[in-house]
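Each remark here refers to the structure printed beneath this line.
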Number of protein chains: 2
Amino acid sequence: MSDLHGLAAARLRADGQRYTANRRAVLETLAAAERPPSIPQLLAARPDLAASSLYRNLAVLERAGIVHRIVTNDEFARFELAEDLTGHHHHRICTTCGAVDDFTLSTRLEAELERALGRVASRSGFKANGHRLDLVGTCARCS
Amino acid sequence: MSDLHGLAAARLRADGQRYTANRRAVLETLAAAERPPSIPQLLAARPDLAASSLYRNLAVLERAGIVHRIVTNDEFARFELAEDLTGHHHHRICTTCGAVDDFTLSTRLEAELERALGRVASRSGFKANGHRLDLVGTCARCS
DNA sequence: ATGAGTGCAAAGGCTTTGCATTAGG
DNA sequence: CCTAATGCAAAGCCTTTGCACTCAT
């Protein structure tokens, strides 16, 4: 995690962007979070940060491949560090409270899935970038 | 598809709702669509339909289990008929143009996935409602 | 008849943009 | 230095709500 900063700086530089204090703050908040926070949660965690800057920075960090936007059925998006910084995983999404947390599948099943999806993609001229597998339901606290 | 209307009427009635001309129109547009339309697309297809009614009706139809809201990384939600009317399937999502279309997996892989996800859910006290598996990338037209 | 559904317009709320100022490299 | 980044305020835009009218049953 100590070279999260180095990595982020490098990727931003590659994209012609600077690694500023605000961006560092966003990444640290994400790295420290138990669960992917929404924008309101990020704003609450960093009251000093202007909303417009947060929106702009999340967009920049997403384009640079450092953070990833999770879209749930919840009203706002949530953000996490990119998969290559945290490892491939999936999300358990609670439709009642909107909470998101992570789980993984066996590498065997994951590989099989990857093969099947590769076939689906090539069959249709689709260029796959990755997949998204979420478990949707009600978390322990909400049921 | 002819008893889409009968089914919809029944489910709405069960929810204390009426099956009106607007709701019929929305379902017919969804049934006729090649790909899940967004709200702007639905409005364009039905210029006579007030935006507020469309929003209200989509919410009603979703609660009654007749339509399903698909959330992509795209800016607006897309809608399709519920899975029990069309069969279980997954989505190929183009991150460039936002288009969504369907694919299916072998029943074998699907069953295996279901088992694995069942284990993941029970292990954490999560009550699974279903899963969502999407292939994310660039469609043939956009690449 | 009678309450749900509809349409229009206005309000709401998250997100984006303009612009002058600050700070990164 | 010189440009990107920031913050504030204003504008945008999708979505929701209020209210009087209409239609389904």
Side-chain angles (χ1 to χ4, degrees), chain A residues 5-29 36-64 66-79 98 100, chain B residues 5-29 36-64 66-79 98 100:
Chain A
H5 292 306
L7 224 155
R11 290 194 190 174
L12 283 171
R13 219 177 301 121
D15 205 30
Q17 308 282 351
R18 297 170 183 172
Y19 194 37
T20 66
N22 278 347
R23 290 172 187 175
R24 231 184 317 265
V26 171
L27 291 191
E28 270 166 16
T29 307
S38 63
I39 286 178
Q41 289 171 335
L42 286 170
L43 285 172
R46 295 281 167 175
D48 48 313
L49 178 47
S52 56
S53 296
L54 178 57
Y55 281 101
R56 285 190 277 231
N57 283 330
L58 286 171
V60 167
L61 291 168
E62 194 181 4
R63 230 191 12 255
I66 302 163
V67 309
H68 177 236
R69 176 187 306 255
I70 306 169
V71 179
T72 70
N73 287 320
D74 197 24
E75 52 228 283
F76 358 71
R78 291 172 180 279
F79 294 85
V100 173
Chain B
H5 293 305
L7 222 155
R11 291 194 190 175
L12 284 171
R13 219 176 303 120
D15 204 30
Q17 308 282 351
R18 296 171 183 173
Y19 194 36
T20 65
N22 279 347
R23 292 173 184 175
R24 233 184 314 265
V26 170
L27 290 190
E28 269 165 16
T29 308
S38 62
I39 286 178
Q41 289 171 335
L42 286 169
L43 285 172
R46 297 279 167 176
D48 48 314
L49 177 48
S52 56
S53 295
L54 178 57
Y55 281 100
R56 284 190 277 231
N57 283 330
L58 286 171
V60 167
L61 291 168
E62 194 181 3
R63 227 189 17 252
I66 302 163
V67 310
H68 178 234
R69 175 187 307 256
I70 306 170
V71 179
T72 70
N73 287 321
D74 197 24
E75 52 229 284
F76 0 71
R78 291 172 179 279
F79 294 84
V100 174

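Since we're looking at a predicted model, the values are computed, not measured. No hydrogens, no waters, no symmetry mates; every other heavy atom, side chains included, goes into these values.
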[X]: salt bridge (charged side-chain N to carboxylate O under 4.0 Å, His left out) partners, not counting sequence neighbours:
X	answer
B:Arg23	none
A:Arg63	A:Asp15
B:Arg69	B:Glu62

- request: May I have the distance from B:Leu58 (atom CG) to D:dT16 (atom C1'), rounded to whole angstrom?
  value: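 To the nearest whole Å, that distance equals 14 Å.
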
Protein-nucleotides 18-25 of chain D N/O pairs under 3.5 Å:
none

query: OH of B:Tyr55 to CG of B:Leu42: how many Å apart, nearest 0.5 Å?
result: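 It is 10.0 Å, given to the nearest 0.5 Å.
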
task: Output the distance between atom CZ (A:Arg24) and atom CG (A:Asn57), rounded to the nearest 0.5 Å.
output: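 Reported value, rounded in 0.5 Å steps: 11.5 Å.
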
- prompt: Taking only residues two or more places apart in sequence, or in another chain, which ones meet B:Ala25 in a side chain to side chain contact (heavy atoms under 4.5 Å, CB included)?
  reply: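 Residues passing side chain to side chain contact (heavy atoms under 4.5 Å, CB included) with B:Ala25: B:Arg46.
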
[X] versus [Y]: any side-chain heavy-atom pair under 4.5 Å?
X	Y	result
B:Ile39	B:Phe79	yes
B:Ile66	B:Val60	no
A:Tyr19	A:Leu27	yes
A:Arg11	A:Leu7	yes

message: What range of DNA chain C does chain A touch, first nucleotide to last, counting atoms under 4.0 Å from its heavy atoms?
response: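 The protein-touched segment is C:dC14 to C:dG25.
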
Identify all side-chain donor-acceptor contacts of residues 47-54 of chain B below 3.5 Å with residues at least two apart in sequence or on another chain.
unit_1	atom_1	unit_2	atom_2	d
B:Ser52	OG	B:Arg56	NH2	3.4

query: Can you check whether A:Gln17 has a side-chain N or O nearer than 4.0 Å to OP1 or OP2 of D:dA4?
result: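 Indeed not, no polar side-chain atom of A:Gln17 lies that close.
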
Listed partners of A:Arg18 passing side chain to side chain donor-acceptor pair (under 3.5 Å), at least two apart: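 In terms of side chain to side chain donor-acceptor pair (under 3.5 Å), with neighbours along the sequence ignored, A:Arg18 is linked to no residue.
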
- request: For DNA chain D, determine which residues of residues 36-51 of chain A have any heavy atom closer than 4.0 angstrom to one of its atoms, and list them numerically.
  value: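 Only A:Asp48, A:Leu49, A:Ala50 qualify.
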
message: Roughly what angle, to 10°, lies between the helix axis at the start of the helix from C:dA1-D:dT25 to C:dG25-D:dC1 and the one at its end, five pairs per end?
response: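 It works out to 50° between the end axes.
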
- prompt: Is a side-chain donor or acceptor of B:Arg78 paired with a backbone partner of B:Pro36 at a separation under 3.5 angstrom?
  reply: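 Yes; at least one donor-acceptor contact below 3.5 Å.
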
